[in-house]
Amino acid sequence: MIGPLIKGLRITFGHLFKPAITVKYPYEKREVAKRWRGRHLLRVDEQGRELCCYCGLCEAVCPANAIRIYGMEDPTFTRSDVGKIAEIYEIDYRRCIFCGFCAEACPRGAIVLTTDYELAEPEREKLLQTKEVLLEKR
Amino acid sequence: MLVAIAITVVKLLIYFGVLMTIVAYGTLAERKVAGHIQDRLGPLHCGPHGLLQPLADGIKLFFKEDITASKSDKVLYYLAPVIAVVPAILVLGVIPIGDYITIAGKKISLSIADINVALLYFLGVSSFGVYAIMLGGWAGNSKYPLLGGLRSAAQFLSYELLLGLSVIGVVMLVGSFSLKEIVHYQKDMWLFIKQPVAFIIYMIAAIAELNRAPFDLPEAESELVGGYHTEYSSMKFAMFFMGEYANMVVSSAIATCLFLGGWYAPSHYLSFIPGPIWFLLKVFALFFFMLWIRWTYPRFRYDQLMGFCWKYLLPFSLINILGTGLVVILRSGGL
């Protein structure tokens with residue numbers, strides 16, 4: 001009867017001096033995998049032109065209906081190399097399930113998922129993110 | 001006369017301050033030990049390594065809404081948290097943390113009151129604690145606190161008996177109820193070597209009286225929400241909490257006096273360190289032991305708790321008393 005009790009005490013005492021596995025989150029952040037699926041990024045090319053050409057495949061493939069996209073012409077070819085860009089590109093992070101299908105579906109690699117996982121917002125409305133936030137800054 | 005009063009008041013303030021500091025940092029120690037035992041870190045945000053956490057907790061508890069249950073018995077409802085803290089502080093008066101010090105040619109005793117029945121006083125005052133839990137459980141007019149209070153009353157009565165019986169062995173050997181004389185007796189050999197059974201039973205009974213795991217049935221979270229303090233909030237809840245930690249400190253201090261040689265160093269080589277420091281070190285060691293126990297063992301079932309007390313510990317303590325009596329008689333010249 002006494003033996004197991006002492007064994008228990010020994011185990012807990014041993015754990016007292018083991019290094020804690022806690023990650024002190026706001027101060028130190030966990031390394032995430034390279035393929036981590038976090039916040040989206042709309043990529044631009046070297047001349048600063050948007051890669052997205054408004055084909056609408058991401059919106060069609062999105063299982064959670066989180067993407068809303070609306071196109072416009074760009075006849076001067078200053079913002080796109082094919083003459084079409086997305087006028088509206090919204091991702092609703094209240095709905096997004098981070099499946100990554102949008103990035104898989106995209107024929108031009110215009111939308112990718114980054115390793116940024118700090119998506120929490122104090123207001124729900126802010127989770128609807130528009131092109132200004134999502135577009136890659138060069 | 002005035003000087004004597006002044007000395008006593010200063011001693012009171014110092015002791016009270018020290019006790020409250022230990023209580024505050026006891027809560028932090030509990031959380032830190034719990035964290036490290038579970039391979040976590042415990043509180044870290046407030047101050048360096050979470051050292052200001054007790055302050056933050058205090059501020060939070062002071063500014064929380066103080067809810068009074070509408071159909072509660074108001075008098076008892078307000079009285080119970082007070083009774084939870086007071087006994088521990090009262091016991092502080094008889095604890096000798098050292099022998100004497102000499103300041104300006106005046107010999108000052110290091111305990112607030114050197115009464116010759118200090119041990120009886122401790123047993124008497126500390127059994128007040130059960131009223132806090134019983135009244136707190138009753139006054140809230142809610143079923144969970146009531147059940148917690150009932151459990152506590154039965155548990156307290158059983159283990160109070162054990163506490164008294166475990167102490168008797170020590171009293172028989174020393175021949176005095178005065179804590180100072182008990183400590184003086186242990187100058188060469190601590191009493192837990194002569195009375196190991198009594199020491200173990202004392203510690204078990206003390207932990208059971210403090211309602212700490214593995215005997216924390218009165219506040220069993222999984223069954224009774226919060227037990228006897230379910231209906232309390234804000235500072236009234238904090239009073240129960242303070243009472244528990246103050247009682248832990250005081251029980252550790254009494255155990256130090258009775259079994260661990262009080263202010264005496266473990267060996268003569270180490271006696272250059274002053275007595276009060278040794279005393280506090282021993283108290284902290286026992287305090288840590290209580291935390292360690294809490295985060296190691298699961299809670300007893302209620303019938304196991306009662307069976308453990310009445311079927312095992314009580315006979316053992318009676319045998320211990322008989323054995324001690326036999327030794328005392330044989331030593332003093334036979335039958």
Rounded to the nearest 0.5 Å, what separates atom OG1 in A:Thr22 from atom CG in B:Leu44?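 So the gap between those two atoms works out to 7.5 Å.
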
Value for CG (A:Leu16) from CD (B:Gln38), rounded to nearest 0.5 Å, stands at 11.0 Å

Is it the case that more than 12 heavy atoms not belonging to [X] sit under 6.0 Å from its [atom1] atom?
X	atom1	answer
A:Phe77	CZ	yes
B:Phe62	CZ	no
B:Phe316	CZ	no
A:Tyr117	OH	yes
A:Tyr25	OH	yes
A:Glu31	CD	no

Are A:Thr12 and B:Tyr297 close enough that some pair of their side-chain heavy atoms sits under 4.5 Å apart?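 Side-chain contact under 4.5 Å: no.
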
inquiry  = I'd like to check B:His45 versus A:Tyr27 (side-chain heavy atoms, cut-off strictly below 4.5 Å). Are they in contact?
reply    =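 Counting from C-beta outward, B:His45 and A:Tyr27 do come under 4.5 Å.
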
Residues A:Ala20 and B:Arg40: closest non-hydrogen pair is CB-O, 3.2 Å

Scanning both residues in full, the closest heavy-atom pair of A:Lys24 with B:Leu41 reads CE-CD1, 3.6 Å

Item to complete: Just say parallel, tilted or perpendicular for the rings of B:Trp292 and A:Phe13, cut-offs at 30° and 60°.
Response: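 Aromatic pair B:Trp292/A:Phe13 classed tilted.
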
Whatever's closer than 4.5 Å to a heavy atom in chain A on B:Ile37 counts as both

Under 4.5 Å to a heavy atom of chain B? For A:Ile11 that would be neither

